[in-house]
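As structure tokens, the structure follows; a few thoughts come after it.
Letters A, B, ... mirror the listed sequences (proteins, then strands); counts begin at 1. Computed from heavy atoms alone, side chains included, the values below leave out hydrogens, waters and symmetry copies. Note that this is a predicted model, so its numbers are computed, not measured.
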Amino acid sequence: MAQPTQEKRSYRDTLNLPKTAFPMKANLVQNEPATLKRWAKQGLYQKLRQREHPKGRYTFHDGPPYANGAIHIGHLLNKVLKDMVVRSKTMAGYDCPYIPGWDCHGLPIEHKVMQELGDKAKGMEPYQVRRKCKTYAEKFVKLQSGQMQRLLTLADYDDPYLTMAPAYEAAVLEVFADLVSQGLVYRALKPVHWSIANQTALADAELEYEDREDTSVYVLFEVVNKKYFQTRGVDTSVPLYLMIWTTTPWTLPANLAVAIAPRADYGVYRIKLKGKECFVVVALEVAGKVFAAAGIEPSSYSVVTHFRADDEDGTDEWERFGDITYRHPFIDRTGPVVTADYVTLEDGTGLVHTAPGHGVEDYQTGLREKLDVYCPVQADGTFDSTAPDWLQGKDVWKANELVVKHLHDSQHLFHQETITHSYPHDWRSKTPVIFRATEQWFVSVEQPTKHNQSLRDLGLQQTANDVRFYPEWGRNRMRGMLESRPDWCLSRQRVWGLPIPAFYGPDKDQALLTAASVRAVSANIRKHGSDYWFKATPQELLEGYDPASDPAAPSWFYTKGLDPDYSKLQKANDIFDVWFESGSSWHAVLRQRDQGYPADLYLEGSDQHRGWFQLSLLPALGVTGQPPFRGVLTHGFMVDKDGRKMSKSGGNALEVDTLLKDFGADVCRWWVSSLNSDNDIKVDPEFFRLAGEEYRKVRNTLRFLLSNLDSPRKDGGGEYEFTDTDATSIDAWALGQLNALIQQARNSYEGFQYRKVHEAIFHFCNDTMSAIYLTAVKDRLYCDAPDSPRRRRTQAAIHRITDALIRLVAPILPHTAEEAWLALHGDEAESVHLAVFPDPDATPADAAWDRLMELRDQAMKQIEDARATRDIDNPLDCGLRITPGQDDAEILTRFDLVDLADLCGISRVEISDAHTAQTAFEVLDLRDQPRCERCWKRDGTVKPRSDGGLLSDRDALALSLV
RNA sequence: GGGCUCGUAGCUCAGUUGGUCAGAGCGCACCGCUGAUAACGGUGAGGUCGGAAGUUCGAAUCUUCCCGGGCCCA
């Protein structure tokens, strides 16, 4: 006989303790890249395309991020959400390709390149600058692509779509040609920032604001139609003036209206000017300041009456009293008084001189009021022949003086002063910039399309019904934007982009731009890329175009029977708004690459309601008559932990690379899946740390599950098949819970509710598995004979649970799921990502399980109380006597007493013969009973065995001592 | 200033049509286990549901106003 102490220790080696190669420590930062390599090596993305797809195609369409800079935390959210869509749809049985895209053209890149070039840019041809831009874009596509892959997104990174690729550009022109064919494209004037020095339009990013001295003038416009004032008792025999203020006198020749604030009070003042009695209209609030500036004493003027456009009670006086008109101070025309929201009382008189050809706000007002976009200033900054003869040929700076002098001489100048103000300058020439109306290309949202309705109406109608919005309020947002949007200005005066394929004729308003001519250029750009526009002649660009068969060919270019005169053609210098390029991706990617149209889902941040969503919707409606998407899913924006906007300067921006290095992709993805991403999302490193804690919990549950499958089965099932007689087993309960999880997770994935999946999985790991099931079956797994049917049944259940859990978590934690999958099925298993979601099965769980678990809760509570009051540390020192209530008596006879004891974590359970109304529990203190040296239970069967140990019957059997 | 939207325990979030709706998880504190151990289990504390008024027998839930965020415009 061995020594007792040795015997005690030796039982540990007789147990089936958990064992697995799946480590507790994830080491994601090192291991995730290896998983990526493995997927690449096995061609996972391509394999998925070839796999069977019982549900058919699910068309997800990726919106292109801008190829500038490294990805930020917003991209992380966006790309991970997209990847979860793609992976979950794939595992639901769809073919769901993911073609990533990049927006490559546009000002930010061109601007950056120009800055880098500095003075060198001056001697460069457009195509040379474009080459630099292309290189720049390529660099960032590569950088971002690498980062996105590092986030474990599964997409066709070998063949992404780039908006600067020739085939893409050609497709954009095809979309454009279709809109042209419908007569939706037109040319009109619009004010832009204009550099006189370089004779070019400038974007906001190319402006530098510097202080500048200008003459500001207070000008009197004589009212013509005084009806409104007459009703207010103003003497109409006395001249009445509107007083405006401006810092750009040179824009006065283009004045077409005066704007007032809708919700401000205006006074009519009686005043003497140069000895003459008159009335002057100025905003009440600023009148004192204005008169004081002109040196007029308060005693010299008085208010006669006052008015406002909008009454307090909301009635619109303006409409009741009709339009007020005034006479231009030095041009023979009258203009209306209109209201405009942007009019403030901070500077000036509260009456704003409005020249639609010389200001963006003025232009908007002009559109609304149907004013001309009149601009008498030419590209070189001089006035054209429509201006008064004393201004013609003079440049705008000279005109400032001339206009002021003229106003003074004609007694329209109330006051002038010199002011210093911040004024935009051309960042290259450092010269002051002007606003000047120029010819731009537009798409009309008002004209009827070939689908009989305007783009606006089509958009409103189809998004009202035929598109699903997640969340639903996206529909309202889209509607509001469609209702208020003006015609789309397509042209930009830049070089880094897709040229608008227009050719101008000898006269200013002659242009060759027909559906057929655009398609011809499109075909040639498909062959040569858009650089061709800058290198080739008009004739070369139009190769394949036959004006004879184009009824829309303009007569100045082609007359029947004669050869077209290509020498008349001059290439346009405009490029497309980049939004038109990305807004054509449904054609350039989905249709051109045969991905299916329309897409099932677009998924972007909520800023894209106005951006990509709307600007894809409009061209798609024009061409196809239907929206490019069936569903639109949006997420919110990242804010800091106090709910404030993220900003780099504020120091609260998080680097994606840092997050990946500190936490790994799966932890970042677990964090994403925990969010309600409809609205703002708070970000803080602490949240990633917490996500890491939760991740470890899930990982450890998987690890423990795996560790109890000591002999992986090749057939993937188990040696045990469940039958109806197992319905009351703990395993049947666990499998029933698994079914519920499968159902819930699949439904939530279906509705893009990743947070719900996250919660369900976490709860299942934490509660169902860790706290209840695995704790309950530990005893049989460890202590039963390895091949005991009871143990094998549990292992079969665990196998099924593990397999299902890995599949369910795979879209969220692709690396960890893969790691666990290989641990479960062996290294020869290909990939969990080629598998599909599990289906709920017909597990024969007894209907009484719900009640039984309620009873368990009650019993646990009592055991807990008893341990506290009687000072019992170890729950295995407890037993439980159950006195069944009437409703539970039958149920309790069906369940195994050992199972019940294991569920409560105690040594044994007995059922009393007595009866009560309500099931009652009595906790037994078993500390005076012998304890099995192997399983530590005091189950009543413990006695000395032939090996000298104190063992229970089960343990003796397991050791073959009986 | 306008359109859309959000504001529930320290944190992340649930709360159908107004009546067990004041909840869950994390975190925290305390306890247990030491055969899942840089793991595991149990127990507990925490909120006048952004503020005010109103409708109602009754409101986190409806109405109005206010405060504070976010996106897009202006």
Contact under 4.0 Å: A:Lys641 side-chain N or O vs B:C11 OP1/OP2: no

Distance-only polar pair, side chains of A:Tyr11 and A:Asp947, donor-acceptor under 3.5 Å: yes

Rounded distance in Å between the P positions of B:U61 and B:A9: 15 Å

Complement of B:A39, any strand, by Watson-Crick or G-U distances under 3.5 angstrom: none

A:Phe637 CZ - B:G69 P separation (whole Å): 18 Å

Sugar-phosphate, base or nothing in reach of A:Arg485, heavy atoms under 4.0 Å: nothing

Separation of atom CZ in A:Arg867 from atom C1' in B:C30, rounded to whole Å: 14 Å

A:Tyr782 over B:A36, stacked by centroid distance under 5.5 Å, angle under 30°: no

Complementary nucleotide for B:U61 - Watson-Crick or wobble, under 3.5 Å: none

Protein-nucleotide distance (A:Arg644, atom CZ; B:C71, atom P), rounded to Å: 12 Å

Presence of A:Arg477 side-chain N/O under 4.0 Å of B:G3 phosphate oxygens OP1/OP2: no

Watson-Crick or G-U wobble mate for B:G68, both contacts under 3.5 Å: B:C6

Spacing of the C1' atoms in B:G19 and B:C31 (rounded, Å): 39 Å

Touch class at under 4.0 angstrom, heavy-atom based, for A:Gly636 against every strand present: nothing

Minimum-distance pair of heavy atoms, taken over all atoms of A:Gly636 and A:Leu77: O-CD2, 4.0 Å

B:C28 pairs with, by Watson-Crick or G-U criteria that keep both distances under 3.5 Å: B:G44

Gap between atoms OH and C1', on A:Tyr773 and B:C40 respectively (whole Å): 17 Å

Candidates B:G69, B:C71, B:G32 - which lies nearest the side chain of A:Asp680: B:G69

C1' spacing across the pair B:G15 / B:G7, given as an integer number of angstrom: 15 Å

First of A:Ser674 and A:Lys861 reached from the 5' end of RNA chain B, by closest nucleotide: A:Ser674

Touch class at under 4.0 angstrom, heavy-atom based, for A:Asn766 against every strand present: sugar-phosphate

Residue-phosphate contact under 4.0 Å: A:Asn700 side-chain N/O, B:U37 OP1/OP2: no

A:Arg610 side-chain proximity, nearest of B:G25, B:U43, B:C72: B:C72

Worked check of salt bridge (Lys or Arg N to Asp or Glu O under 4.0 Å) between A:Arg908 and A:Asp902: CA-CA 8 Å; A:Arg908 68 174 197 247; A:Asp902 283 348; over 6 Å; no

Touch class at under 4.0 angstrom, heavy-atom based, for A:Glu483 against every strand present: nothing

Whole angstrom value for the distance that separates C1' of B:C73 from CD of A:Glu361: 12 Å

Whichever of A:Lys697 and A:Arg703 has its nearest RNA chain B nucleotide further upstream toward 5': A:Arg703

P atoms of B:C57 and B:G42, separation to the nearest Å: 46 Å

N/O (side chain, A:Lys756) to phosphate O (OP1/OP2, B:C13) under 4.0 Å: no

Residues A:Tyr773 and A:Asp731: side-chain donor-acceptor under 3.5 angstrom: yes

Rounded interatomic separation in angstrom, taking NE2 from A:His758 and P from B:C26: 10 Å

Atom P, compared across B:U16 and B:A38: separation rounded to whole Å: 44 Å

N/O donor-acceptor pair, side chain A:Asn679 with base B:G70, under 3.5 angstrom: no

Pairs involving residues 855-877 of chain A, ordered by first then second residue, that meet side-chain hydrogen bond (donor to acceptor under 3.5 Å, both in side chains) (sequence neighbours left out): A:Asp877-A:Arg938

Nearest-angstrom distance from the residue atom NZ of A:Lys682 to P of B:U5: 20 Å

Opposite nucleotide pairing with B:U55, Watson-Crick or G-U, both atom distances under 3.5 Å: none

Glycosidic conformation of B:G46, taking syn as within 90° of 0 and anti otherwise: syn

Nearest-angstrom distance from the residue atom CG of A:Asp767 to P of B:G25: 7 Å

For A:Glu759, the option from A:Lys756, A:His763, A:Arg755 that meets side chain to side chain donor-acceptor pair (under 3.5 Å): A:Arg755

Candidate nucleotides B:C72, B:G41, B:G35, ranked by approach to the side chain of A:Ala771 - the nearest: B:G41

Distance-only donor-acceptor test, A:Ser770 side-chain atoms vs B:A36 base atoms, 3.5 Å: yes

Closest listed nucleotide, where the reference is the side chain of A:Met481 and the choices are B:A39, B:C71, B:C72: B:C72

Closest to the A:Thr775 side chain, choosing from B:G70, B:G41, B:U34: B:G41

Side-chain donor-acceptor pair present, A:Asp955, A:Ser952, cut-off under 3.5 Å: yes

B:C30 to B:C13 separation - C1' atoms, rounded to the nearest Å: 26 Å

B:C11 to B:C66 separation - P atoms, rounded to the nearest Å: 27 Å

Parallel, tilted or perpendicular, as decided by the 30° and 60° cut-offs, for the rings of A:Tyr602 and A:Phe629: perpendicular

Shortest side-chain distance from A:Glu759, nucleotide among B:C13, B:C4, B:G70: B:C13

Among B:G70, B:C11, B:U34, the nucleotide that comes nearest once only the side chain of A:Lys645 is considered: B:G70

Any A:Asn676 side-chain nitrogen or oxygen under 4.0 Å from OP1 or OP2 of B:A14: yes

Atom P, compared across B:A22 and B:G27: separation rounded to whole Å: 27 Å

Single hit among A:Tyr754, A:Phe663, A:Phe687, A:Phe688 for ring-ring contact (aromatic ring centres under 6.0 Å, His included) with A:Trp671: A:Phe688

